[in-house]
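FYI, side chains are in, hydrogens and waters are out, and symmetry mates aren't considered; it's all heavy atoms of this structure. Small disclaimer: the values here were computed from a predicted structure and weren't measured.
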Amino acid sequence: MVVFGAFMGFSYGPLPALYAEMFPARIRLSGSSISYALGSVIGDAFAPTIAAALVGKFDTAVAVSIYLFIWVGASLIATLTLKDRSGADLYPSEGNDGNAAGGLRNPPVLTTSASIP
């Protein structure tokens with residue numbers, strides 16, 4: 001189980017950076033959460049049903065392996081077609097305030113004026 005967990009880290013670890021580079025700052029949270037949720041629902045909801053149907057039809061788990069390898073190939077192609085945005089400005093100029101974050105390129109630090117005893 002520990003080994004499996006380590007490999008899950010390899011797949012889920014880079015996702016936040018990928019999502020941050022895929023969407024402009026003003027829609028980053030919505031874009032990443034909606035795309036992740038839809039991908040999870042579409043990918044996770046039907047996979048067990050499809051796997052059961054493949055095993056029922058072909059009477060072997062090899063069909064499920066082939067099905068998974070097809071999706072791995074599709075994911076690899078989709079990942080390779082992504083635009084490389086490393087080093088790009090993640091807050092491009094949009095509007096009058098000079099950035100997409102609504103003037104929050106350097107967000108303020110919250111402080112309190114009252115001292116805590």
Side-chain angles (χ1 to χ4, degrees):
M1 199 58 128
V2 171
V3 173
F4 178 71
F7 284 110
M8 291 295 290
F10 288 136
S11 64
Y12 285 105
L15 286 180
L18 174 69
Y19 291 147
E21 290 183 355
M22 286 177 61
F23 300 102
R26 65 183 175 80
I27 62 165
R28 185 168 297 144
L29 180 61
S30 297
S32 62
S33 62
I34 290 170
S35 63
Y36 185 82
L38 286 176
S40 296
V41 168
I42 293 169
D44 296 343
F46 301 112
T49 305
I50 293 171
L54 288 171
V55 169
K57 179 172 173 109
F58 296 106
D59 199 31
T60 180
V62 174
V64 177
S65 299
I66 293 170
Y67 166 73
L68 290 174
F69 277 115
I70 289 170
W71 280 111
V72 166
S75 298
L76 180 65
I77 291 170
T79 303
L80 291 175
T81 59
L82 289 173
K83 182 179 168 184
D84 182 18
R85 295 180 47 129
S86 58
D89 184 14
L90 295 180
Y91 298 97
S93 292
E94 293 182 13
N96 296 332
D97 59 4
N99 64 49
L104 295 177
R105 179 175 286 202
N106 296 316
V109 177
L110 297 176
T111 59
T112 60
S113 59
S115 62
I116 300 173

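Separating the OG atom in Ser75 from the CG atom in Leu80 is a distance of 10.5 Å, to the nearest 0.5 Å. The distance from atom CZ of Phe23 to atom CG of Leu18, rounded to the nearest 0.5 Å, is 8.5 Å. Atom CD1 of Ile77 and atom CG of Leu82 lie 12.5 Å apart (nearest 0.5 Å).
Criterion: ILVMFWY side-chain heavy atoms under 4.5 Å apart, direct or through other members. Under it, Tyr36 and Met22 are part of a common hydrophobic cluster. Residues Val62 and Phe58 are members of separate hydrophobic clusters, defined by side-chain heavy-atom contacts under 4.5 angstrom among Ile, Leu, Val, Met, Phe, Trp and Tyr. No continuous path of ILVMFWY side-chain contacts below 4.5 Å connects Ile34 to Leu15, so the two sit in separate hydrophobic clusters.
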Only distances under 3.5 Å count here; give the side-chain donor-acceptor pairs of residues 48-55 to other protein atoms, sequence neighbours excluded, each with its distance to 0.1 Å.
none

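For the side-chain hydrogen bond (donor to acceptor under 3.5 Å, both in side chains) test, residues two or more places apart in sequence or in another chain that qualify with Asp84 are Ser86. For Phe10, the side chain to side chain contact (heavy atoms under 4.5 Å, CB included) criterion is met by Phe7, not counting sequence neighbours.
Closest non-hydrogen pair, Gly9 versus Pro14, comes out as O-CD, 4.2 Å. Contact record, Glu21 with Arg85: O-NE, 2.7 Å, taken as the closest heavy-atom pair. Between Gly13 and Pro16, the shortest heavy-atom contact is O-CD, 3.2 Å. Tyr19 and Ser32 get closest at one heavy-atom pair: CB-CB, 3.6 Å.
Atom CG of Asp44 sits in a crowded spot, with more than 12 heavy atoms from other residues, nucleotides or ligands closer than 6.0 Å.
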